[in-house]
Peer 1: 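Got a structure here, written out as structure tokens. Questions coming.
Here the structure is a predicted model, which is why all the values come from computation and not from measurement. Counting convention: from 1, in listed order, for ligands and their atoms alike.
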Amino acid sequence: MIIVNSISNLRSIISAWKQKGLSVALVPTMGNLHAGHLKLVNIAKQKADKVVVSIFVNPTQFGVNEDFANYPRTEHEDQLKLAKENTDLLFLPSVTDIYTSNALTTVTVSGLSDIYCGAFRPGHFSGVATIVCKLFNLAQPDVAVFGLKDFQQFTVIQTMIRDFNFPIELIGVNTERESNGLAMSSRNNYLTNQEKQIAPQLYQSLCHAQAAILKGQQCFADIEQQALLCLKTAGFTTDYFTICCSDDLSPATKQDKNIVILAAAKLGKTRLIDNIYFSL
Ligand code: PAF
């Protein structure tokens, strides 16, 4: 596995690959890799000749009171895991390489960026869209692979790819879960033992809501209220629990066929997100 820190080295290696006619898949990450990330790498390998993984804890997608400073950084372990997966190139840029002090440009996908998680994390999706846009520009991938646990993030990136005409095939990969249903996430490391017992109830509440919809319950507001109440009773501080149309994340109507239920809730200081998507 080649490890590259500088933008110029990344560009010259990728352009040499492209000159040989090789295709490139990019897996952007913030590191602290778990089985969910390794699944993305695995799928990327099936889709392109060369796989580039980036590890960059992106400061612009963290709010002032969020966990940027404490975000788990496990570079050495991550490198071993990626080498084992036969990753071709690991891009590990520094913050100053990525964000020059005179940078004036950001990317915002309007509308999608200030709802749901965006309403609770102002500026987050602009930070995500900007870094992903930059990584696309640097790595020039033919394929980009992201996890669907961050469903809203995926929709933001999908919309940016469409609006900016990036010639990139976007692939969304199903969430990896612990045996108790908890979605794998680097932030699960923050949970106390007691919180770990409660955390799977977030996914259970999504499954419950899905079952109610599949049974024909049509009052989505009632399902949402019921889920919020159950989560609060279990000890969560809820941000939102919302039934949407998975095509554009608008609130679902009885006519919608493609549904995603998005949820975010805190356990103590740890903010968890999860979702479930299905067709009617
Ligand atoms: O999902 C993540 O890990 C990050 O939001 C991403 C896409 C790597 C951008 O920093």
Side-chain angles (χ1 to χ4, degrees), residues 4 7 10 24-44 51-63 66-75 77-78 81-82 87 89-99 103 106-109 112-113 116-118 120-139 141 143-161 164 166 168-176 183-190 262 264 270-275:
V4 171
I7 287 176
L10 177 75
V24 173
L26 174 69
V27 183
T29 81
M30 297 207 299
N32 193 238
L33 304 178
H34 51 64
H37 295 110
L38 301 181
K39 187 167 158 194
L40 306 185
V41 176
N42 218 276
I43 288 177
V51 174
V52 175
V53 175
S54 60
I55 296 184
F56 180 66
V57 184
N58 174 36
T60 65
Q61 69 187 75
F62 289 80
E66 294 185 11
D67 56 343
F68 174 67
N70 302 328
Y71 195 83
R73 288 157 172 91
T74 50
E75 223 168 88
E77 293 86 336
D78 291 349
K81 288 178 188 169
L82 291 173
T87 303
L89 188 151
L90 169 59
F91 181 46
L92 275 175
S94 68
V95 173
T96 45
D97 273 346
I98 291 290
Y99 293 113
T106 56
V107 179
T108 300
V109 179
L112 281 175
S113 294
Y116 314 132
C117 276
F120 291 88
R121 304 186 67 189
H124 168 70
F125 286 115
S126 193
V128 170
T130 303
I131 187 61
V132 172
C133 185
K134 284 169 81 81
L135 290 168
F136 284 174
N137 188 32
L138 299 176
V143 175
V145 187
F146 293 84
L148 287 169
K149 181 174 81 68
D150 299 285
F151 200 95
Q152 187 175 1
Q153 167 174 283
F154 187 84
T155 309
V156 165
I157 293 165
Q158 189 174 46
T159 307
M160 181 183 75
I161 287 179
F164 281 177
F166 278 112
I168 296 176
E169 183 191 352
L170 178 67
I171 295 177
V173 178
N174 288 338
T175 304
E176 276 293 287
M184 286 192 189
S185 161
S186 302
R187 290 193 168 99
N188 292 351
N189 294 326
Y190 300 152
L262 303 171
T270 310
R271 186 171 187 275
L272 302 174
I273 60 170
D274 202 350
N275 65 77

Peer 1: Pull out every atom of ligand 1 sitting under 4.0 Å from any heavy atom of F146, numbered as shown with elements.
Peer 2: 7 (C)
Peer 1: Is any side-chain heavy atom of E66 closer than 4.5 Å to a side-chain heavy atom of R121?
Peer 2: yes
Peer 1: Quick one about N58 and Y71 (side-chain donor to acceptor, distance below 3.5 Å, no hydrogens or angles considered), yes or no?
Peer 2: no
Peer 1: So which protein heavy atom does atom 10 (O) of ligand 1 come closest to, and at what separation?
Peer 2: Q61 OE1, 2.6 Å
Peer 1: Any nitrogen or oxygen of N58, side chain or backbone, less than 3.5 Å from one on ligand 1?
Peer 2: no
Peer 1: When you compare the side chains of T108 and S126, does any donor N or O come within less than 3.5 Å of an acceptor on the partner?
Peer 2: yes
Peer 1: Heavy atoms only: which of Q153, H124, K149 lies closest to atom 5 (O) of ligand 1?
Peer 2: Q153
Peer 1: Quick one: ring-ring contact (aromatic ring centres under 6.0 Å, His included) partners of F68, sequence neighbours excluded?
Peer 2: F62
Peer 1: Counting each atom of ligand 1 from 1 as listed, which ones have a heavy atom of I131 under 4.0 Å away?
Peer 2: 9 (C), 10 (O)
Peer 1: Output the list of atoms in ligand 1 that are nearer than 4.0 Å to some heavy atom of P28, sorted by atom number.
Peer 2: 8 (C)
Peer 1: Can you check whether L272 reaches Y190 side chain to side chain, under 4.5 Å on heavy atoms?
Peer 2: no
Peer 1: Which is it for T29 and ligand 1 at heavy atoms under 4.0 Å: side chain, backbone, both or neither?
Peer 2: backbone
Peer 1: Backbone N or O of T74 within a donor-acceptor pair of the N32 side chain at under 3.5 Å?
Peer 2: no
